Amino acid sequence: MELKKEITNLPKIVNKLKKKDEELFNRFYSIKLSLGRLKVTPEMETFVKSRFKSIEKTENQKIVCINNKFTWEGNLFNELRSMRPKPKAKFTPSELDNKENCLFCNIEKQTPLDIFGRIKGKHCITASNIAKYDEFHGLIIFNEHNPMKLKKEWLKDYLETAEKWFERTDKANKGMINNFLIWNCLWRSSASIIHGHMQVTASETKYQKIIKLEELCDQYKKKFKSDYFLDLFKIHKNLGLGEKIGKSMVLYYLTPIKEKEIVILSKEKKFSGVSDLVYNLIKNYFRLGVQSFNISMTNIKGYWMVRLVDRGSLENRNSDIGAMELYGNSVVAYDPFRLTKEIKL
Ligand SMILES: [Zn+2]
């Protein structure tokens, strides 16, 4: 019988790999399968059947713990978690087109400018962030108000404009080695303004998570005479969780920080070179019902690293990130094996 590709079968899937691929997996990851057991009361049966579909599966929950031995990343997968009740707030998609009192629809008057002025793209314009979290902190504000309306050429223009912004900050103040771009799309992802915008920061010091990853790459190279990211991709590819698209590696990440995390490692010359790929992934996200997401882009050891993660429905009132994600392991419901099947590139 063919082994079903799903996260609960990961130990068996790994077991079927070629010896050296299995060794590589085990160098990076530890897996622990466990069964969370409980007893449903007779009074609960109807509710449990409608909510979780099966009493047997509710009473015996398969939990998969995956840890990356090199990084801080650790996960607890349990698909049943996605079926929990969620407190909802009313939301209608047309709200996203409401431009009333939108500061970013009136950029030139209602947003400050950087010391070097504004950069105008074809489909966006820059502003300076009014409450900065770093030395240089700018905004790439889209001409289109609704962030869920996106075109391939628009995204390319946003990223090319960001590149120009980084060049300008470097001219304004040499030594801005930390170039970081983020896109928090809509309120679930912590965006405070609906109008579509990305944020760019430039400073002398890289961020701690990036520094740690770079140190890890150096140590890995010394110890194993190999490239950490290439090996990480190899493991994902061996499991059917990695795809090579042009000069970019796409990983349906085994230790996602939250739902549906995808990591791109690209050798494109400029980060706007990954624009079409990122666009395709966002379009796939939208097709899967993702409404709010975080994206980050930066350079690590010669790779453009892009990370995308789903932040849940705009209707949800509860946060998707709790004490577990902050202080323990990330708790994730969406199986990366399902994600690899659903995303079409
Ligand atoms: Zn607007």
Side-chain angles (χ1 to χ4, degrees), residues 5 7 10 13-14 17-18 20-29 66 68-71 73 75 152 155-156 159 163 179-183 209-210 212-221 224-285 288 293-310 332 334-345:
K5 285 244 177 152
I7 202 80
L10 189 59
I13 297 168
V14 171
L17 293 174
K18 286 182 208 147
K20 68 177 190 357
D21 292 336
E22 188 184 351
E23 278 169 12
L24 187 63
F25 179 93
N26 290 328
R27 181 194 291 173
F28 273 65
Y29 295 102
I66 305 176
N68 180 320
K69 297 180 196 172
F70 295 114
T71 64
E73 295 160 318
N75 284 77
K152 201 180 256 189
L155 184 65
K156 183 134 190 145
L159 296 181
E163 274 166 353
N179 286 350
F180 206 73
L181 177 143
I182 58 171
W183 181 4
K209 284 182 181 164
I210 309 302
K212 287 288 151 200
L213 253 181
E214 289 195 329
E215 281 174 7
L216 162 58
C217 289
D218 290 341
Q219 288 157 4
Y220 188 89
K221 189 156 245 163
F224 300 105
K225 311 275 174 275
S226 192
D227 181 303
Y228 175 81
F229 289 130
L230 281 182
D231 284 353
L232 185 73
F233 175 67
K234 203 171 172 190
I235 291 168
H236 282 74
K237 191 158 188 301
N238 289 338
L239 295 169
L241 298 174
E243 255 182 283
K244 187 93 197 278
I245 307 281
K247 289 180 180 161
S248 303
M249 302 179 280
V250 180
L251 289 75
Y252 303 99
Y253 213 44
L254 261 175
T255 49
I257 191 145
K258 212 53 210 173
E259 306 300 334
K260 305 186 190 75
E261 191 183 24
I262 298 171
V263 175
I264 301 172
L265 292 158
S266 181
K267 282 284 186 185
E268 287 286 347
K269 226 176 180 167
K270 293 176 158 194
F271 75 67
S272 58
V274 291
S275 169
D276 288 0
L277 177 57
V278 174
Y279 173 82
N280 288 336
L281 287 170
I282 294 172
K283 281 286 164 183
N284 272 278
Y285 259 11
L288 296 178
F293 55 80
N294 297 110
I295 293 181
S296 78
M297 292 175 103
T298 197
N299 195 290
I300 298 187
K301 292 277 161 199
Y303 289 96
W304 291 111
M305 186 183 220
V306 186
R307 306 183 78 141
L308 304 90
V309 66
D310 172 17
V332 173
Y334 206 92
D335 186 335
F337 284 103
R338 186 172 162 206
L339 189 61
T340 191
K341 263 185 249 153
E342 300 274 8
I343 301 268
K344 307 270 178 263
L345 292 176

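What you see below is based on every heavy atom in this structure, not just the backbone, and it leaves out hydrogens, waters and symmetry mates. Keep in mind it's a predicted model, so treat the numbers as computed, not measured.
In this structure, the salt bridge (charged side-chain N to carboxylate O under 4.0 Å, His left out) partners of E214, at least two apart in sequence or on a different chain, are K206. Under the ring-ring contact (aromatic ring centres under 6.0 Å, His included) criterion, F233 pairs with no residue, sequence neighbours left out. Partners of E23 according to the salt bridge (charged side-chain N to carboxylate O under 4.0 Å, His left out) rule, which considers only residues two or more places apart in sequence or in another chain, do not exist here. With sequence neighbours excluded, no residue forms a salt bridge (charged side-chain N to carboxylate O under 4.0 Å, His left out) with E259. Under the rule for a side-chain hydrogen bond (donor to acceptor under 3.5 Å, both in side chains), D276 has no partner lying at least two apart in sequence or in another chain. Y29 is linked by a ring-ring contact (aromatic ring centres under 6.0 Å, His included) to F25, counting only residues two or more places apart in sequence or in another chain. Residues passing the side-chain hydrogen bond (donor to acceptor under 3.5 Å, both in side chains) test with N299: none are found, sequence neighbours excluded. With sequence neighbours left out, the side-chain hydrogen bond (donor to acceptor under 3.5 Å, both in side chains) criterion links S272 to E163. For the ring-ring contact (aromatic ring centres under 6.0 Å, His included) test, no residue two or more places apart in sequence or in another chain qualifies with Y279. Scored by the side-chain contact (heavy atoms from CB on, under 4.5 Å) test, P336 finds I7, F77, L241 as partners (sequence neighbours excluded). By the ring-ring contact (aromatic ring centres under 6.0 Å, His included) test, F180 is found to be paired with Y207, residues two or more places apart in sequence or in another chain being considered.
Listed here is the closest heavy atom pair of T340 and G240: OG1-O, 3.0 Å. Taking both residues in full, the closest heavy atoms of Y303 and L265 are given as CD2-CB, 4.1 Å, listed atom of the first, atom of the second, then distance. Contact detail for K344 and N284: the closest heavy-atom pair is N-OD1, 2.9 Å.
I210 CD1 to T298 OG1: the interatomic distance, rounded to the nearest 0.5 Å, is 5.0 Å. Here the CD1-OG1 distance, from I66 to T255, works out to 7.5 Å after rounding to the nearest 0.5 Å. Rounding to the nearest 0.5 Å places CE of M297 at 5.0 Å from CG of L159. Atoms CG and NZ, on L232 and K237 in that order, are 14.0 Å from each other to the nearest 0.5 Å. Once rounded to the nearest 0.5 Å, the distance linking CZ of R27 with NZ of K20 reads 11.5 Å. Atom CG of residue L10 and atom CG of residue L239 lie 6.0 Å apart, to the nearest 0.5 angstrom.
Checking side-chain atoms of Y285 against main-chain N and O of I343 turns up no donor-acceptor pair under 3.5 Å. Between the side chain of K69 and the backbone N or O of N26, at least one donor-acceptor pair lies under 3.5 Å.
Ion pairing between a basic and an acidic side chain is recognised when a charged N comes within 4.0 Å of a carboxylate O; K301 and D227 show no such pairing.
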Criterion side chain to side chain contact (heavy atoms under 4.5 Å, CB included) on E22 and N238, from CA distance to verdict: CA-CA 9 Å; E22 188 184 351; N238 289 338; over 6 Å; no

Is there a side chain to side chain contact (heavy atoms under 4.5 Å, CB included) between V278 and I264? Walk through the geometry before answering. CA-CA 9 Å; V278 174; I264 301 172; 3.9 Å; yes

Using the rule given for side chain to side chain contact (heavy atoms under 4.5 Å, CB included), can you reason through K267 versus W304, listing the C-alpha separation, both sets of side-chain angles and the distance that settles it, and then say yes or no? CA-CA 6 Å; K267 282 284 186 185; W304 291 111; over 6 Å; no

Atom pairs and distances, side-chain donor-acceptor, residues 242-250, under 3.5 Å, sequence neighbours left out:
{"unit_1": "E243", "atom_1": "OE1", "unit_2": "Y252", "atom_2": "OH", "d": "2.9"}
{"unit_1": "S248", "atom_1": "OG", "unit_2": "S266", "atom_2": "OG", "d": "2.8"}

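Between V309 and K260, every side-chain heavy-atom pair lies at or beyond the 4.5 Å cut-off. Using a 4.5 Å heavy-atom cutoff, the side chains of L308 and E261 are not in contact. Side-chain contact between D21 and V14: absent, with no pair of heavy atoms (C-beta onward) separated by less than 4.5 Å. Under the 4.5 Å side-chain criterion, counting only non-hydrogen atoms from C-beta, W183 is not in contact with N294. Between L339 and I262 there is a side-chain heavy-atom pair separated by less than 4.5 Å. Between N75 and I257, every side-chain heavy-atom pair lies at or beyond the 4.5 Å cut-off.
Under a cutoff of 6.0 Å and an axis angle of 45°, K5 and F337 do not form a cation-pi pair.
Two rings, from Y220 and F28, have their centers less than 6.0 Å apart.
Side-chain contact, E73 with Y253: a donor N or O sits under 3.5 Å from an acceptor N or O. For D231 and S226, the side-chain atoms include at least one donor-acceptor pair closer than 3.5 Å.
Around atom NZ of K283, more than 12 heavy atoms belonging to other residues, nucleotides or ligands sit under 6.0 Å away.
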